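Report on the structure given below.
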Amino acid sequence: MTTALTTISSKAPQAGVDLLRIVRINEEIKSVVGVAFKINIMALNAIFLAKRAGTAARGFGVLSNELRVFSQDLRDCMGALTGLIHGCVNEVSLVLQDIRHTRLLRQAAEMSPKSQAVPVLRAREIENDRHTQRLASLRKQLKRALEDAFQMVELGGVLAKSAKIEAAYGQSFAVPLAQVSGEFDNIVEEIRTSLESLRRSAFFTGN
Amino acid sequence: MKTTKTIFQEGNHKWIAIVRDPEKPNYLIDTNEYLVTHGGQGLLIDPGGAEIFPAVFSALSSEFDPSALAGIFASHQDPDICSSLALWLEFNPKMRCHVSWLWGSFIPHFGGTAETFTMIPDEGSDLSLDGLMLRAVPAHYLHSSGNFNLYDKVAKVMFSGDIGAALLPPGEDSLFVENFDSHIRHAEGFHRRWMGSNEAKRRWCERVSQMEIDMLCPQHGAIYQGADVQRFINWFDELQVGIVSG
């Protein structure tokens, strides 16, 4: 008897749960991508503000340039995450389709007197395994990409905090610089919290 | 599991009805599938929905090697007609599905590739099954807007799709119509509601009256044979269709 005959019934609810989890991760990533776009605009404003402040905000200017580079890197990273999550949604959908087909083929094999369905069921099982392996690979890639994003955001947090310190040396521009760097810090913290919850998703931990 | 009944046989030329599954859940409409075999090839007519695939497959495979199916004939696009298509293609990916051109880009949603489909033009066409010519007879708007029956001139058997269908009550499950008058009561509501055009119905009745038909085989209900075939055509000709009561 093929593995498909024995394990397919337990796979069905798991695939449904996985799809639900991926949809939630996708929604969270969409909101992070939106926030990352906001950071890009903020970094641009911070650069202009630092230029206006001149020598008094030279340190802040260096950091705002770094924050702009960070925001672009973050957008690229989110783009890669979105691509991976779409890949996962597609694979889980295929796994769900496989499960239905396999269930019906299994019933056919069980009911057929001459078991003509068995070779087709085996071929289906190989195809199922291929989809399952591809999903497992995408899941690993997504986990790694999330870790990379998290590390990047940690760096962003350090930059934002340093910008807050530099803002204090901005003389007459100290207040607007502090406001900009504070907003930066809040947004980076918001992204960090989102990514932290994504890392804990049962889709990765397997609970 | 469904049962198979050979309704015509002449050498290796056979019509096999795949019917009546006592284990089928009631929420699924009961359907009849038909297998035509000739030479070493088989053509499955309206193979049914995905959920009844195991029952149809197991019944069919008791009579015929499913990997030797050359094709599927889909009378129209409904899910009870051919939503099992992808599963049948697993057995023979080269199998062709013959269907009205109108549904040529709709039915692939059930499965298959561009190579799977042979489009039947509105006026109908001939299909060859190892040299046996079967005729796709137009039955548009009865009920689907792109709809075909399948006629076997040699066997004098006409697969009529939803035309002639009857929703039989529990217990009345004989394969052939036994008492036309009592049977047709189970067909009347179905035809009034599902058949959309009196004009199309008129043309169909005229067309099939001129054909030699020993058996009229619908996709639901019982098969009309002998004098009941013409009796049905006359009854249908008189019926006003395209009506919603209430």
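Lettering of chains follows the sequences in order, A, B, ..., and the numbering in each one begins at 1. Since the structure is predicted, the reported quantities are computational estimates derived from the model, not experimental observations.
- For the salt bridge (Lys or Arg N to Asp or Glu O under 4.0 Å) with B:K2, the qualifying choice from B:E63, B:E23, B:E33 is B:E33, the only one to do so.
- Chosen from B:P66, B:S67, B:S84, the residue pairing most often with chain A at heavy-atom distances under 4.5 Å is B:P66.
- Listed for the B:Q41 side chain is a donor-acceptor partner under 3.5 Å among the backbone atoms of B:D130.
- The aromatic rings of B:W88 and B:F91 lie tilted to each other, with the angle between the two planes from 30° to 60°.
- Aromatic ring pairs are classed by plane angle as parallel below 30°, tilted from 30° to 60° and perpendicular above 60°; the pair B:F73 and B:F159 is perpendicular.
- Proximity to chain A (any heavy atom under 4.5 Å) is shown, for B:A59, by neither the backbone nor the side chain.
- Proximity to chain B involves both the backbone and the side chain of A:A117, based on heavy atoms less than 4.5 angstrom apart.
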